Amino acid sequence: MDGQTDTPGGVLPIPLGAGSGLGGGTGGGGLSRGCPGADRGGLAGGGAVGFPVAALTAERSQRVAEAAPTAPGPAMSEPGAPAAGDKAPRLQDRVLSGVRWGRLLEPLGFIKVLEWLFAIFAFGACGSFSGETGATVKCGGDTKEMSAISVQFGYPFRLYQIPFEMPDCAGESETRTLHLVGDFSAPAEFFVTLGVFSFLYTMAALVLYLRFHSLYGENKKLPVADFCVTVCFTFFWLVAAAAWGKGLTDVKAATRPASLIAAMGVCQGEEVVCNAGATPAMGLANISVLFGFINFLLWAGNCWFVLKETPWQAQAAPRDSAAEQGAIDKQ
């Protein structure tokens, strides 16, 4: 019947314009609001028609919400991760942050710095040395020609491989090729090699002292190994400095202008006059020998400070203190 509906509570008039609301699924809701007893009627009658429409409306609202642009919210960060505005610490900063520069003021670190520097001075002064020697030859007779001879030499001091030209005063225009005398490469190369290894070891030891000193103190084998290596370097520096000092003396003797003149047979002639030319400057080589003995003293002094870090010295200290305490108690 138009304009009326049957309900358990009786017949209620329905406006004509509300038919669409009943067909659209909203009539059940309107009846519920209009009559307290119409809830069951709305579920039984209008609910069957209103449920699909409500589902479609909810689905449409969900699509609209998904299609609408959303403002970007703050990104969630993992615990412990740096914030968006903070810069991640660089690897260099993380490494340098753990370096304890104050240990350079302690004897163990300060001597290592000196060993590192003087090792560079030692092998640098010896390895970069170069000298020059020479002589002049004046032939007699009608020619009266004067020839200047200049010979360059340097590290590794294999003098027998260094050639020079000797003039011939017998009237022939050709010259003869001679070589210096002596091979002093063994002490020179041993000296330079020891300097390079000392440089590398002291640099590694400094990294261990400054960055990983806790590991150096906790691991008892590291101080013992450091002490043994220090003793070996002390012995090697003494041998290398002494051997290179003797080798340098022989180099000076073999490269004197007088030795060069004595090696040339042309200077034995009666009318030939040979004079000394350029005298080699051996100052840098002499300094290298001095640096070698300074390295020996540094490594020898460092043996005591490294020994104090070993378990041997650490065990002896409590015994000495206990003996002193016992002597005080007896008094």
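For clarity, every value in this text was computed on a predicted model and none was experimentally measured. Computed over heavy atoms, backbone and side chain alike; hydrogens, waters and symmetry mates excluded.
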Exercise. Give the C-alpha distance, both sets of side-chain angles, the deciding distance and a yes or no for side chain to side chain contact (heavy atoms under 4.5 Å, CB included) between N286 and K252.
Key: CA-CA 11 Å; N286 294 331; K252 292 177 181 179; 2.8 Å; yes
Practice problem: Over all heavy atoms of both residues, which pair between W244 and A285 is shortest? Give the atoms and the distance, please. | Solution: NE1-O, 4.0 Å
Practice problem: With the side chain counted from C-beta on, respond yes when L104 and F110 share a heavy-atom pair under 4.5 Å apart, and no when they do not. | Solution: no
Exercise. Check whether any side-chain heavy atom of F123 sits under 4.5 Å from a side-chain heavy atom of F191, and report yes or no.
Key: no
Quiz item: Considering all heavy atoms of both residues, which atom of S198 and which atom of A119 are nearest to each other, and what is their separation?
Solution: CB-CB, 4.0 Å
Quiz item: Would a 4.5 Å heavy-atom cut-off, applied to side chains only, mark P163 and L178 as touching?
Solution: no
Quiz item: Are S259 and V181 close enough that some pair of their side-chain heavy atoms sits under 4.5 Å apart?
Solution: no
Quiz item: So how far is it from L117 CG to I294 CD1, rounded to the nearest 0.5 Å?
Solution: 11.5 Å
Quiz item: Among F199, F227, Y201, which one satisfies ring pair (Phe, Tyr, Trp, His ring centres under 6.0 Å) with F233?
Solution: Y201
Practice problem: May I ask you to decide whether R158 forms a salt bridge with E189, counting only side-chain N to carboxylate O separations under 4.0 Å? | Solution: yes
Quiz item: Between the main-chain N or O of L298 and the side-chain N or O of N302, is there a donor-acceptor pair closer than 3.5 Å?
Solution: no
Quiz item: Between the side chain of T310 and the main-chain N/O of L307, is any donor-acceptor distance below 3.5 Å?
Solution: yes
Quiz item: Do you know which two heavy atoms are closest between T133 and R256, and how far apart they sit?
Solution: OG1-C, 4.0 Å
Quiz prompt | Gap separating the CZ atom of F296 from the CH2 atom of W237, nearest 0.5 angstrom | solution = 12.0 Å
Self-check item: Same apolar cluster (I L V M F W Y, side chains within < 4.5 Å links), V273/I261
Solution: no
Practice problem: Check whether any side-chain heavy atom of S150 sits under 4.5 Å from a side-chain heavy atom of E132, and report yes or no. | Solution: yes
Quiz item: Is it the case that one hydrophobic cluster holds both I162 and V251, taking links as side-chain heavy atoms less than 4.5 Å apart, direct or via other members?
Solution: yes
Practice problem: Determine the interplanar angle of the F291 and F121 rings, folded into 0 to 90°, and report it as parallel if under 30°, tilted if 30 to 60°, perpendicular if over 60°. | Solution: tilted
Quiz prompt | Between CD on residue E309 and CG on residue D226, distance to nearest 0.5 Å | solution = 9.0 Å
Practice problem: Can you measure from CZ (F184) to OH (Y155) and round to the nearest 0.5 angstrom? | Solution: 15.0 Å
Practice problem: Kindly work out whether a path of hydrophobic side-chain contacts (I/L/V/M/F/W/Y, heavy atoms less than 4.5 Å apart) joins Y160 to F129. | Solution: no
Self-check item: Side-chain heavy-atom pair P311, V224 within 4.5 angstrom cut-off
Solution: yes
Exercise. Please name the pair of heavy atoms, one in P223 and one in K220, separated by the smallest distance, quoted to 0.1 Å.
Key: CD-O, 3.4 Å
Quiz prompt | Residue pair P167 / I149: nearest heavy atoms and the distance that separates them | solution = CD-CD1, 3.8 Å
Self-check item: Residue pair F305 / K112, side-chain heavy-atom distance below 4.5 Å
Solution: no
Quiz item: Roughly how far, to the nearest 0.5 Å, is CH2 of W116 from CG of L200?
Solution: 11.0 Å
Practice problem: Please round to the nearest 0.5 Å and tell me the distance separating atom CG of D183 and atom CG of D250. | Solution: 11.5 Å
Exercise. Give the minimum heavy-atom separation between F157 and A188, together with the two atoms involved.
Key: CD1-CB, 3.7 Å
Quiz item: Sub-3.5 Å donor-acceptor pair from the side chain of T177 to the main-chain atoms of E165, do we have one?
Solution: no
Quiz prompt | Audit row: M282, L248, side chain to side chain contact (heavy atoms under 4.5 Å, CB included) steps and yes/no | solution = CA-CA 9 Å; M282 309 297 290; L248 181 59; 3.6 Å; yes
Quiz item: So, does N275 use its side chain to make a donor-acceptor pair with the main chain of V137 at under 3.5 Å?
Solution: no
Exercise. Kindly indicate, with the supporting measurements, whether the criterion side chain to side chain contact (heavy atoms under 4.5 Å, CB included) is fulfilled by L238 and W299.
Key: CA-CA 10 Å; L238 177 62; W299 285 89; over 6 Å; no
